[in-house]
Amino acid sequence: MVDVSNHTLVPEHVVLSDEDAEAVLEEYGVKRTDLPKIKASDPALPAEAVPGDVLKIVRDSRTTETAVNYRLVIQ
Amino acid sequence: MYTETPKEISEIRFGLMDPEQYREMSATKVITADTYDDDGFPIDMGLMDPRLGVIDPGLECRTCGKHSGSCNGHFGHIELAAPVIHVGFTKLIRRLLRGTCRNCSRLLLTEAEMAEFGDDLTRTRELDGDVSDVTKAAIRQARKADVCPHCGEIQYDIQHEKPTTYYEVQEVLSSDYPELIAKAMQPDPDDEEDEGMAPPQLAEATGLDLSRINQILSGGFRPREDQREALEDALDVDLTEEDLNKLMPSDIRDWFEDIPDDDVAALGIDSTSSRPEWMILTVLPVPPVTARPSITLDNGQRSEDDLTHKLVDIIRINQRFMENREAGAPQLIIEDLWELLQYHVTTFMDNEISGTPPARHRSGRPLKTLSQRLKGKDGRFRNSLSGKRVNFSARTVISPDPTLSLNEVGIPERVATEMTITMNVTDRNVEEARRYVANGPHRHPGANYVRRPDGRRLKVTEKNCEALAGQGEAEAAQVVDVGWEVNRHLVDGDIVIFNRQPSLHRMSIMAHEVVVMPYKTFRLNTVVCPPYNADFDGDEMNLHALQNEEARAEARVLMRVQEQILSPRFGENIIGAIQDHVSGTYLLTHENPRFNETQSLDLLRGTSVDGLPDPDGTDEDGDDYWNGRTIFSELIPDDLSLAFTSSAGDEVVIENGQLLEGTIDEGAVGAFGGQIVDTIMKDHGPTRARIFINEVSSLAMRSIMHFGFSLGIDDESIPGNASEQIEEVIANAYDRVEELITAYEAGEIESLPGRTVDETLELKISQTLGRARDSAGEIAEENFEEDNPAVIMAESGARGNLLNLTQMTACVGQQHVRGERINRGYEGRTLSHYEPGDLSADAHGFVRNSYREGLNPREFFFHAMGGREGLVDTAVRTSKSGYLQRRLINALSELETQYDGTVRDTNDKIVQFEFGEDGTSPVRVSSAVDHDIDIDGIADRVLDAEFDTDGELQSFMDRWQRPTNLSEHGEEPVEAPTDSQPARPVAAEVDDD
Ligand SMILES: [Mg+2]
Ligand SMILES: [Zn+2]
Ligand SMILES: [Zn+2]
C-alpha cells in the first residue's frame, strides 16, 4: 500500500504517549471518547497506532502557523 | 408563580410503559362506549367521564378539582378483552421472534456471542455510534441458528404479514404423500437405466416393514418425521409442504414474557424500563378529554373528536368480544372479532398504514388519529413545536425613509397601538405607567392590558382607564401600582426585533429602535437593505416586540443594526452606501465641484455638522466657495488617515480626516467592503460608524438632489458616426464568420488541440463575434460624455457595468443556451427562417441590435431562449443552495464555542480545539490592505488608547511582569529585573513578514 504520510497534503500524525494523552484530556477536561475520532483503517495513521491511542495532528494553518488537533483511534 | 425557578431536566428516557403503570395512573376504567346521557351529562365510566378532565367552562374536574383551563386532564384506561399488537413496534416484535427460541425464549446466541455483542454495544454507545447497527447484527447472527443453543429446540422461520400478523413457517408432511411416493417409485421414462423401485426394495432401503409401506402407499398411515426423512432419502423426493402457523398476540406475549432480562440487554433493550411483552397491549390508555375536546355545533349538536370516535369503536368491539367469548362462540368468530379489535387499536394509533384500509368518518373522510396528529408539515412537531405562531409580532409591507437612522424602524401608529411591551411597575415608573393607562387603549401612548399582583389580567377600556390610572374616585386596590404589570403601547425609542425571510444569516434579524409614524408601512433606511436583502417592490417584513428587560438589553447590546455593520461572511462591512448614495458621493467628489455658502450648508443640513470650515477660496464675484471634497471631509473622523484606490480608479488620499484627493464611491463608502466605512467601524467602533453611514447617506441624497440625476432613453444614444463605426465592426465580424464557414465547408479548418473541427469552428465564430461586441462597446463608450448618468453609475459602482451599457447602446451580442450558441429548435436549424445547416451568426442567436434600437422578431426569440435559461438557473440554484444551507444549519446548530476556545456539541464532545483553528472572529480582525492580520496596528492602537504620554508607555513597556497563577503554560522561573538586565517587553514581538 502507498505510504501517504510523506504527501504534502497529509499533516503530521503522532501517537501520544499515555502520559501525554492524559495531559491533553486533562487540559480540555474531557473523556477519551469526547475527542474527535480517526478510524484505525485510515491511511494517514502511523503504523504503531492501535485503537484507543490518541493522535496529535499538526496541520498547517493560513492564519496561525500550525493548528494542533487530537483524535482518538477507533476500530 | 413568577418566583418559581425553571427546573433543570437532567435526562429524558424513552421506553415502553408497564401496563400496571397504565392502570395505576388511570383516573377511571372506561367501559361504556356512550359519551353523554339524554340530559347532556357525561356518563360515568364513559369516554367523557368527568374524572378524565373538564373542557366545559364552569365544571369542576372530579380528579383534581380544578376548572377547565387549569386542569390538564387525566388518562383513563380500557381493559382489552384480548391482547393486541402495538403497531409502532411491529418491526421490533418481528426481530425478537426471529432472534429468540420458540420454546425457551432465550436469545439464539451462545453466551460468548452474547457477551461479544454486549461489549460491542457499550463501545458503540461510548463512541456515540449507531446502536441499531449492532443490534441488527446480533439478530442476524441469532437468526442463523436452526437449533436453540440453550434447549436444543428446532427453530422455524417467522413470516410477517403487514401490519400485525405473524406466522411460523413449519415443514409438514404433504397431504398427497401417497401419490408423491407412488410417483417416485415408478421408473423414470426418460432414463432407461432407472427401473423404479418396488415396495419390498423400498422397505429394505428405508428399514420399514413391507406392510407399513403398503399402508403408507394406501394412505392409511402417516409416516412420522424420521420415517418421512428415510423415505425422502431413499426416493430422492420432497414429501413436505409449508404450513403457516399463525401466532396469536397472546402466544407472542407468552413467548416474550419468558425472555430473560440479560438476553434483551444484548439487544440494547433496558428491561428495567422496557420489557418486550409490553409491546403487546393488554390495557389501552384513554387520552384525557382535553386532548380530544368535543365541539358544540350551531344547532346544539355535539360533534366528537376523531380520537373519541375511534375509542368508541374499540370499546364496542371489546364488549362484543367479551360477550361472544362468555357465550362460548366458535373459535372462528372469536378470531374474527380479535382481528377487528386489532384493526381498531391499530388505526387508533396510526391511520395511514399501507395495506390497511384507513378508518373513515361517516362522511368518508379518513380519521386523524394519534400518528396523524404528530406527523408531517401540519403535525405537532413541525407546525406546533419547531415553528409556531407568536404573540407580540406584526407584519406589513416595507418602504424606504432616508430620514431615519439606520438603527431605527418606522412603525405605523396602528401597529404601535396594537402591539404592547410589558412594563413592570416599580415606584420609579409608577407615574409613567399611570400616564399610559390613563390614555386608554386607543390614544397613542396608551395601554391595552394591566395585570394585578394577584395575576388577574384586566383589559384597559375607554371606561376603566381613568379609574385604573387613579384619576377620579377609585378604590386604591383598583389603581395601577407597584407590582402591577402594564402592557403599554410601543413608543419612540423602544427596541424591537425586525426580520426579513429567508433568514439566511444573522443580519436577517436585527434590533431596531421604534419611531412611530403615520400610514401603514414599516419604514427603514435604505442602507439596511443589503443585510436584509430587501427592496421595496412589495417586500414584507416581520417585527417582534420584546417582553422583558433581559431580552431588551440583550437585543440592544448584541442585535442592534450598528452592531451588525461588519458581516462575519466577509469580515468587512455589509452596511454602507448603495445605489444613489454612491452616485451622490461620486458627483460630490469626482470633479471636486465648488459650492457657495448656501449650497454647502444645504448639502450638510441632514448631518450633525453645524458650521462650515474655512472656505477653499473665493470665486470671481468675490464669494466664498467650498469644494465637494472639503464638504465630504466634514463627515470623516478627524484622526482618520487612509489611502486606497477607488472603484473609479483614482487614488484616494485621506489625511487626518481630510479628503485630499480622489473620488468617494462604492469602494470608499459602499456596502460590501467600503474602505472608509470598514476602517471607521474597526478603528472607531459601531457608534461612529453608524453616524458616518447615516451622514454619508444624508449628504449623498442632498448632493444627488443638488445636481439632479436621471436616466432616459436619450442617454443611451450615440452620434451617427459612432453608429456607423459600430455597424462596420459588426459587418466585418459577419464577413469573417462567413470566411470561417467557407473554410470549414472546404475542409480547411484545422482543429485546435483536444477539439474537433466542428468545435474549433464554433469557438472561432464565438471569439470573432465576442470581439466584435466588445469593440462595439468600446466605440460606444468613447462617445459617451463623462457626465452620462449610466457611465457615472457604472464607474462609481452604484449600479450597472460596461456590459450593460454596451448592450443598451451598441450591440446585445451572442445569446447562449447551455454555454453554446443557440443550436436547438428544428432539425438542422434553429428557426424555419433559415436554411438547414446555416452556420451564420444570425441563424444561431447573434443579436446585432442594441436594446435601444430594439430587437427584430428572430433576435427577440433567441434572446428569450437565453433569458429563460438564466431564470431557470436562478430558480434551481436558490432551491439547491437553500437545501444545502438547511442541511448545514441543522448539522451545526448546536455547536457552541466554549470559554476555553474549543467548539463543542451538546454532549461536550470536541469539534474544534480552537474556534476556526485560530480562535479569531472574522469581524474582530483588522485587515490591512494585503489582508494579513494587522497585529502591529492593533497593538499600537491599544497602547495609544491606554497611555497619554510616551513616558507612561515607556515605563509600562519596561515594567517587570509579575508571575501570574492564570496559566501554568510556559511557566518558567521569573526573577525581578536587575539594573543590568531589563525585563522582557510585554507586547509580543511580531515578525514583519
Ligand atoms: Mg422584493
Ligand atoms: Zn383534573
Ligand atoms: Zn431454547
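Within every chain, numbering begins at 1; the chains are lettered A, B, ... in the order of the sequence lines, protein sequences first and strands thereafter.
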Choice from A:Asn69, A:Ile74, A:Thr66 maximising heavy atom contacts with chain B below 4.5 Å: A:Asn69
Part of A:Gln75 within contact of chain B (heavy atom distance under 4.5 Å): side chain
Side chain / backbone / both / neither for A:Arg59 at chain B, heavy atoms under 4.5 Å: side chain
Is it true that atom [atom1] of [X] has more than 12 heavy atoms of other residues, nucleotides or ligands lying nearer than 6.0 Å?
X	atom1	answer
A:Glu26	CD	no
A:Lys56	NZ	no
A:Asp60	CG	no

Flag, side chain of B:Lys909 to backbone of A:Pro36, donor-acceptor distance under 3.5 Å: no
Closest approach of B:Arg904 to A:Gly29 (non-hydrogen atoms, all atoms of both residues): NH1-O, 4.3 Å
Minimum heavy-atom distance between A:Val30 and B:Asp908, given as atom pair plus value: CG1-O, 4.1 Å
Please list, one pair per line, the donor and acceptor atoms closer than 3.5 Å that link side chains of residues 109-117 of chain B to other protein atoms, with sequence neighbours excluded.
residue	atom	partner	partner atom	Å
B:Thr110	OG1	B:Glu113	N	3.3
B:Thr110	OG1	B:Glu113	OE1	3.3
B:Glu111	OE2	B:Arg106	NH2	3.4
B:Glu113	OE1	B:Thr110	N	2.9
B:Glu113	OE2	B:Gln141	NE2	2.7

Side chain proximity check, B:Asp900 to A:Tyr28, heavy atoms < 4.5 angstrom: yes
Contact class of B:Glu914 relative to chain A, heavy atoms under 4.5 angstrom: neither
Reported CZ-to-CD distance for the pair B:Phe913 and A:Glu27, which is rounded to 0.5 angstrom: 9.0 Å
Approximate separation, where rounding is to 0.5 Å, of B:Arg125 CZ and A:Thr33 OG1: 14.0 Å
